[in-house]
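Chain identifiers are assigned alphabetically (A, B, ...) following the order of the sequence lines, protein sequences preceding nucleic acid strands; residue numbering begins at 1 within each chain.
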Amino acid sequence: MSHFSNSLIAWYEIHKRDLPWRHTENPYYIWVSEIMLQQTQAQTVIPYYNRFIETLPTLKDLAFAEEDLILKLWEGLGYYSRVRNMKKTAQYILENYNGIFPNRYEDLIKLTGIGEYTAGAILSIAYHQKWSAIDGNVSRVLARYFGFKKDITLNTSKKMLTDLNHTLLEDERPHLYTQAMIELGATLCTKHNPKCDLCPVSAMCVAKKENLQSVLPVKAKAKAKTEKHFITFILQDENNQYLVQKVEDNLLKGLYLLPQVESDGLSYAIESLMDQGIEIYYTEPLKSYKHVFTHLVWSMDVYFGKCKNSDSLTKIDHFNHIPMATAHKQIIHKEKHYGND
DNA sequence: AATCCGGGGTT
DNA sequence: AACCCAGGATT
């Protein structure tokens, strides 16, 4: 047992945040929390986690849930394939493991949506097994503590960081070690302005000693975003029902969007919708909006429109009951004087 | 190895 | 505006 993990865990037990998934070791709940926490801050996850396990308290409930329901529970969290993969994996565990969540790495790593980090997190946190779980927080702590100066996103670096982590990971309390490393990265060893004066392991930290906190970890720069321009409609038919379209492409798959056409001008957009059987006979310009994704920016000129009745798209009375993409949910909210919620 | 996949928060 | 977040799948 290392001095490092002793100091780290002692600090963790005093200063850890009270998070809902820390009141359970049920592997189903730990799994739900870990998937939600992928690329998502803990404070954002809390209300989503509570609502999700209240609505779907068992793995079997998730396996049998409708896709519109699970996407509605995920609405606004992003990376929607996470929850579609969870349903698929819940069905797989029900059929192949009799509904018992697997507890071996070679089984977990085969499950859709579970990678090296999440497998390690479930094994260490739910099953108290000695497995590394290297996320962004842990990478940053390790890179600083050991003075690791290579790009941490390289595959070779990930292996080296896993080895370094194993030199610190103790046998007896892997569940506390894993969460403590993450907690340290999330609350003290942050990207900007790390609180080294409060850190339980600052004495031997290379970054602290050499004043490299703002240099480490080294990471490649992100690619520039491309921009796409759309004509977007809040569209009502002659029964005053709104029209929406379910996404079938990968981006936002399974969610609903307002009808929109990638175009610079209104006339082309109206023609394009006409080709899909949507006959627009009135339009009125509203505002323009921007929505930023990870690798993409949508700029949208929004119009209110009226169209003849058609069976081409999905008709709804209001937008509250379907999983809407945030890019359009925010437009609906800002333009609510057009009768929608 | 590079790219895709969301949305919110911080600096 | 740039970067990050309890990352994983696909190509």
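Look at A:Tyr80 and you'll find a side-chain N or O under 4.0 angstrom from OP1 or OP2 of B:dG7. Distances shown here put a side-chain N or O of A:Thr326 below 4.0 Å from the OP1 or OP2 atom of B:dG7. Contact annotation: A:Gln330 side-chain N/O to B:dG8 OP1/OP2 distance is under 4.0 Å. For B:dA1, the OP1/OP2 oxygens have a side-chain nitrogen or oxygen of A:Asn155 closer than 4.0 Å. Here A:Lys191 reaches the OP1 or OP2 of C:dC4: one of its side-chain N or O atoms lies under 4.0 Å away. Taking side-chain N and O atoms only, A:Thr118 has a distance below 4.0 Å to OP1 or OP2 of C:dG8. Of the side-chain N and O atoms in A:Lys225, none sit less than 4.0 angstrom from OP1 or OP2 of C:dA2. A sub-4.0 Å separation between OP1 or OP2 of C:dG7 and a side-chain N or O of A:Gln39 is present. Between B:dC4 and A:Asn250, no contact under 4.0 Å exists linking OP1 or OP2 to a side-chain N or O.
Judged purely by atom type and a 3.5 angstrom limit, A:Asp237 uses its side chain to pair as donor or acceptor with the backbone of A:Asn239. The backbone N or O of A:Trp298 lies less than 3.5 Å from no partner atom in the side chain of A:His291, so there is not a single donor-acceptor pair.
Among the heavy atoms of the strands lying under 4.0 Å from A:Trp21 is at least one base atom, whether or not backbone atoms are also near. Counting any heavy atom pair closer than 4.0 Å across all strands shown, A:Gly115 reaches sugar-phosphate atoms only and no base atom. Among the protein residues, A:Arg84 comes within range of no part of the nucleic acid, since none of its heavy atoms lies under 4.0 Å from any strand. The residue A:Thr112 sits close only to the backbone: its heavy atoms come under 4.0 Å of sugar-phosphate atoms, none of a base. Within the 4.0 angstrom heavy-atom criterion, only backbone atoms of the sugar-phosphate kind lie near A:Leu251; the bases stay farther away. Residue contacts shown for A:Leu252 are limited to sugar-phosphate atoms, with no base heavy atom under 4.0 Å away. Nucleic acid contact class of A:Gln43 (heavy atoms, under 4.0 Å, all strands): none.
One interatomic measurement links the two molecules: OH of A:Tyr79 to C1' of C:dC4, which rounds to 11 Å at whole-angstrom precision. Atom CZ of A:Phe293 is separated from atom C1' of B:dG8 by 13 Å (rounded to the nearest Å). Rounded to whole Å, atom C1' of C:dG8 lies 16 Å from atom CD1 of A:Ile134. Atom CG of A:Leu37 is separated from atom C1' of B:dG8 by 14 Å (rounded to the nearest Å). Atoms CD1 (A:Ile182) and C1' (C:dG7) sit 12 Å apart, rounded to a whole Å. Put simply, CD1 on A:Ile114 is 19 Å from P on C:dA6, counting in whole angstrom units. Going from atom NZ of A:Lys158 over to atom P of C:dG8 covers 9 Å, rounded to whole Å. In this structure, A:Lys253 atom NZ and C:dT10 atom P are separated by 10 Å, rounded to whole Å.
Stacking of A:His192 onto the six-membered ring of B:dT11 is not present when judged by under 5.5 angstrom between centres and under 30° between planes.
Heavy atoms from other residues, nucleotides or ligands lying under 6.0 Å from NZ of A:Lys88 number 12 at most. The local environment of NZ in A:Lys306 is crowded, with over 12 non-hydrogen atoms from other residues, nucleotides or ligands closer than 6.0 Å.
The aromatic rings of A:Trp74 and A:Phe52 sit perpendicular to each other, their planes meeting at more than 60°, with 30° as the lower class boundary.
The separation of C:dA6 from B:dC4, taken at their P atoms, amounts to 24 Å, rounded to a whole angstrom. When the P atom is compared between B:dG6 and C:dT11, the two are found 15 Å apart, to the nearest whole Å.
Scanning atom types as modelled, one donor and one acceptor separated by under 3.5 angstrom connect the side chain of A:Thr40 and the base of B:dG6. If you check distances only, the side chain of A:Thr294 does reach the base of B:dG6 with a donor-acceptor pair under 3.5 Å.
Nearest-nucleotide assignment on DNA chain B puts the 5′-proximal partner with A:Thr153, out of A:Ser81 and A:Thr153. Looking at which nucleotide of DNA chain C each of A:Leu111 and A:Arg17 is closest to, the 5′-most match is held by A:Arg17. If you find the closest nucleotide of DNA chain B to A:Arg82 and to A:Thr156, the one lying nearer the 5' end belongs to A:Thr156.
With salt bridges taken as basic N to acidic carboxylate O contacts below 4.0 Å, none links A:Asp151 and A:Lys221.
Across B:dG7, C:dG7, C:dC4, the shortest atom-to-atom separation from the side chain of A:Asp135 is found for C:dG7.
A cation-pi contact links A:Arg51 to A:Tyr48, judged by a cut-off of 6.0 Å to the six-membered ring centre and 45° from its axis.
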